[in-house]
Amino acid sequence: MLPADCSRRLVAELRDALDACAERQRQLERSLRVSRRLLRTWEPAETPAPQPTPAPETSGEAPSPESTPSSQDLKELELLTQALEKAVRVRKGISKTGERHKALSLKSGSAATSATTASAPSRPSGQASCRVSETKPPRGIQQTVVPARGLPESRLLSVGDRTHMGRGSRATKPGPGPRDQQIPPSAALQAPEAFTLKEKGILLRLPMAYRKAASRNSRLWAQLSSAQTSDSMDAAATAKTQFLQKMQMTSGGPGSGLSAAAVEAEVGLLRTACLLLRRRMEEVLSADPADCMQEYRCLLTLEGLQAITEQCLHRLQELRAAVVGRQLGPWPVGRRPGASLPCGGGTDPLWSPQLLLYSSTQELQTLEALRLRLAMLDQQIHLEKVLMAELLPLVGTQGPHWLALCRAVHSLLCEGGERFLTVLRDEPAD
Amino acid sequence: MGRRRRRVDRGAAVGALPEAIAALSRTLPAGPSPEIFRRAKFDRPEAAPALWQLLFRVLSPLSADGASASPAQEAQVRAVKSELRSQGYPRQALAQLPEDGSQGSRELLLALAWLLARGPLLERLLAQTRVRLGDEIPLCECEALARPGPPVPRVEADGPVDIRHLQWLMGKLRFQWRKLITSQQEQCALLGKIHSYTRGCHSDRSLGHLSVAETELLRDAEGGQQLLRRLESENVCLEAALRWRRQELVFWRWMDTVLGTCPPEASQPTFVPRIPERGAGEWELVARELQALQEELRGAAEPRRAAWEARVGGWGPEWSAVQRASREAVGLELAALQRAWERGGAAAQPHGPCRLVKSDAGASGGPGLRAAQVIEVLRSREACLEAVLCQLQRQCRQELARLAGALPGLIWILPPGR
């Protein structure tokens with residue numbers, strides 16, 4: 001058993017690590033839920049927002065991507081409507097199912113034509129028209145909704161498509177190709193249309209209000225980030241510095257501006273310094289000097305690094321004295337020290353995100369996997385240091401069950417808890 | 001009143017100060033009205049609660065869901081005091097304010113001004129609560145580290161535990177990471193699909209496709225309305241922030257007068273030394289690392305110096321010029337190295353959240369980072385961290401070998417597969 005205070009600290013650290021991991025998992029699960037829902041069939045109640053009005057847009061973003069497909073498809077629509085009308089005539093002659101027409105009359109006329117195409121395939125007769133109607137609906141029917149804005153429900157899809165794709169949209173469909181003919185006619189009666197991102201995604205358009213707000217948003221952020229230097233800004237900066245100085249002078253608190261947060265930040269910098277110094281040292285030690293000059297430079301570099309390390313240690317002692325000598329307030333709560341190089345925010349923090357272009361899913365996966373691996377290594381290094389600090393002294397003092405402890409500590413510290421060593425008692429052979 | 005006189009003196013436009021303050025409070029979360037600010041200058045008690053709340057909102061780290069109920073007045077007051085102290089707020093008077101939050105509006109006003117003067121507070125607050133329209137990934141972990149997650153109520157293990165419990169926890173952690181990575185890969189695949197399915201839908205050419213948030217906005221009209229509302233209110237805040245930028249000089253002049261009305265404090269350190277436990281731990285670790293590094297450097301440099309002196313002893317004066325040049329060159333290199341951490345990180349490291357955009361172009365030109373480059377940077381960082389971890393493990397192994405060697409009569413068989 002480990003001593004109580006040591007146990008408490010170690011368990012706390014490990015639980016912190018577990019909590020951090022769990023938090024990430026929670027956020028990831030949330031995003032996964034949203035993404036999965038988007039890739040499934042969209043429920044009828046949740047339909048895409050109505051299309052923006054075809055009135056000329058003042059934003060200057062030419063509606064060309066919208067107009068070109070629709071002009072192209074209007075022609076197809078013409079042909080389609082004619083074919084469908086013919087199909088309707090043919091089918092009317094074959095059967096008159098009153099309720100179907102009633103159901104259809106609830107929708108717009110265009111939807112009615114598509115409904116008939118859905119039921120058409122179930123009829124063995126009229127094969128040619130079936131095939132025509134089958135290949136056309138996914139695209140043609142879309143566009144019928146575009147002009148018919150006066151619909152009570154402006155859907156992007158029609159009944160026909162639902163019967164084609166209403167089930168398990170995640171299963172890859174080869175597009176408007178050959179469909180299975182066993183579509184129950186009752187399916188056509190069932191309400192409304194479904195929408196899948198895979199098939200119809202490219203036809204989505206963002207609403208105008210959102211577009212305006214989003215472009216205004218990015219413009220404002222750009223202004224905020226760029227308005228760093230101007231005359232009024234400089235005057236304000238001077239005024240601020242003066243105010244701070246005055247405040248410092250008239251107050252009775254700690255002088256030198258040393259605060260717990262500042263100390264923590266400096267300790268973090270010194271940690272980075274140690275990392276960088278060590279990296280440079282290893283570079284120098286592993287390099288093979290080719291001539292005298294390089295040897296000399298290696299020597300100078302090592303000595304220079306040594307001097308800087310001493311400076312850092314000295315600074316650390318100063319900070320320690322500052323912390324001990326007076327109460328700098330409670331340590332900033334909840335900030336976990338990270339092991340890797342802190343970025344420090346850079347000189348000009350970008351307040352709104354920049355773009356990151358990726359070309360394939362594999363690339364994105366590699367990127368994310370690397371990012372997670374870095375976070376994991378970060379955590380592992382931190383835990384390694386903490387465990388070293390707590391457990392090595394315990395091994396040094398030989399208590400009961402020392403062997404078992406030694407073995408366990410070796411596994412935790414040297415193998416990341418993954419492998420164990422074996423200890424054999426070396427009995428004298430007699 | 002004093003304010004009117006000041007305005008006439010400076011010839012500033014009438015109402016410049018209230019406007020500036022109105023812009024400021026529009027930008028801040030829970031910003032009080034300009035009237036509260038005016039009353040605070042005269043230290044009126046009725047202005048205090050609003051200012052306590054404002055400072056609490058500004059200083060408390062953003063909780064994960066952002067909707068936690070605000071704690072009681074005393075808890076808010078204590079939290080504000082503690083956070084200001086840890087950031088180094090110089091004035092004593094704040095610490096002495098009563099905890100029921102009924103007094104001290106002038107002091108709180110000064111505290112707010114102090115926070116505003118020290119850094120880009122408004123921009124940082126706005127960036128924290130920014131509406132995320134795209135699919136973002138953070139390129140570095142500093143955001144994740146700086147913002148603590150929601151405090152988990154945990155039953156503390158009071159008693160001593162067996163080391164096997166630690167091993168179990170480590171195993172659990174390893175498993176959780178594996179699960180996380182798998183989930184992340186799935187999310188990437190889904191994201192890739194959504195991005196390709198909505199190709200060409202975005203009005204902004206440089207983006208080209210919709211993000212999850214935008215597609216969600218189209219799927220769920222009500223949620224979309226909420227998003228739109230949040231976006232619009234953020235726009236209002238941003239405009240207020242820009243207005244504030246233009247007008248803040250007036251505010252600072254006014255704050256000077258506020259400071260002037262306060263009596264200067266006598267310097268009285270009434271502190272009891274106390275070493276914060278967590279901070280000390282971090283300090284110890286860094287100190288130990290630096291000392292170890294120093295030992296290694298000394299061990300490497302001293303013999304080389306000795307060997308060098310032995311060789312170079314009799315060399316002529318032309319050598320000294322070369323020596324000087326080398327010294328300068330090395331000096332410059334080391335200075336650059338020092339700058340790398342003193343200025344807080346190399347500029348080459350990509351920092352901050354990035355919006356993911358799937359694009360086939362990928363060629364040079366055009367704004368934005370390329371995933372391939374970022375992957376390179378991350379790989380080098382990974383190599384660096386792996387080296388650090390390996391070195392730590394090596395250190396442990398040596399130390400344990402040393403300790404185990406003290407006990408003869410045992411054979412230690414290391415696990416295979418290293």
Side-chain angles (χ1 to χ4, degrees), chain A residues 1 4 7 11 14 21 23 28 35 48 61 197 201 204 211 213 220 236 239-240 250-253 259-261 271-274 299-300 302 304 306 309 313 326-327 329-331 334 337-338 343-344 351 353 355-359 361 363-365 370 377 384 408 413-414 417 419 422 424 426, chain B residues 82 85-88 90-92 117 127 140 145 148-149 157 160-161 163 169-170 176 183 188 190 192 197-198 201 203 218 231 238 252 264-265 267 271 276 279 282 286 289-290 294 297 301 304 330 334 341 344-345 351 353-355 359 362 368-369 371 378 385 392-393 396-397 411 413 415:
Chain A
M1 300 291 273
S7 309
V11 170
L14 283 167
C21 205
E23 176 62 27
L28 201 50
S35 307
E61 298 150 355
L197 206 56
L204 290 175
R211 274 197 259 169
L220 287 171
K240 282 193 259 196
T250 62
S251 68
S259 66
R271 196 184 336 117
T272 316
C274 189
L299 174 61
L300 287 179
L302 287 173
Q306 196 184 345
T309 312
L313 266 172
R326 46 189 165 183
Q327 175 156 335
W331 211 257
C343 304
W351 300 112
L355 299 181
L356 177 54
L357 306 173
Y358 71 97
S359 53
T361 308
E363 212 178 23
L364 183 61
Q365 282 174 331
L370 268 176
L377 280 171
E384 181 82 15
L413 288 180
C414 307
R419 286 173 287 263
T422 323
L424 289 182
D426 190 11
Chain B
S82 124
R85 260 243 302 268
S86 88
Q87 291 202 20
R91 290 178 62 89
Q92 303 270 57
C140 56
L145 289 178
V161 301
I163 196 161
L169 286 173
M170 283 283 272
Q176 281 218 15
S183 307
C188 290
L190 296 183
Y197 293 168
T198 59
C201 297
S203 42
L218 288 172
L231 195 56
L238 287 172
W252 292 113
E265 297 180 335
S267 166
F271 297 138
E282 177 65 14
V286 179
E289 279 175 38
L290 281 174
Q294 191 188 31
L297 280 168
R304 286 185 188 214
V330 169
L334 291 177
W341 74 76
H351 171 76
C354 287
R355 178 171 175 157
S359 134
L369 302 168
L378 290 183
L385 286 183
L392 283 175
Q393 287 180 338
C396 287
R397 219 170 276 129
I411 304 175
I413 303 177

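Proteins come first, then strands; the chains are lettered A, B, ... in the order of their sequence lines, and each starts at number 1.
Most heavy-atom pairs under 4.5 Å with chain A: of the set B:Cys188, B:Ala301, B:Gly192, this distinction falls to B:Cys188. Ranking A:Leu14, A:Thr361, A:Leu370 against chain B, the residue ahead of the rest is A:Leu370, based on heavy-atom pairs under 4.5 Å.
To the nearest 0.5 Å, atoms CG (A:Leu356) and SG (B:Cys354) are separated by 5.0 Å. Note: A:Leu204 CG to B:Thr198 OG1 = 7.5 Å, rounded to the nearest 0.5 Å.
Counting only distance, with no hydrogens or angles, the side chain of B:Arg397 and the backbone of A:Cys414 share a donor-acceptor pair below 3.5 Å.
Residue A:Glu384 touches chain B through its side chain alone, counting heavy-atom pairs closer than 4.5 Å. Of the atoms belonging to A:Leu28, it is side-chain heavy atoms, and not backbone ones, that fall under 4.5 Å from chain B.
Between B:Ser359 and A:Leu357, the shortest heavy-atom contact is CB-CD2, 4.1 Å.
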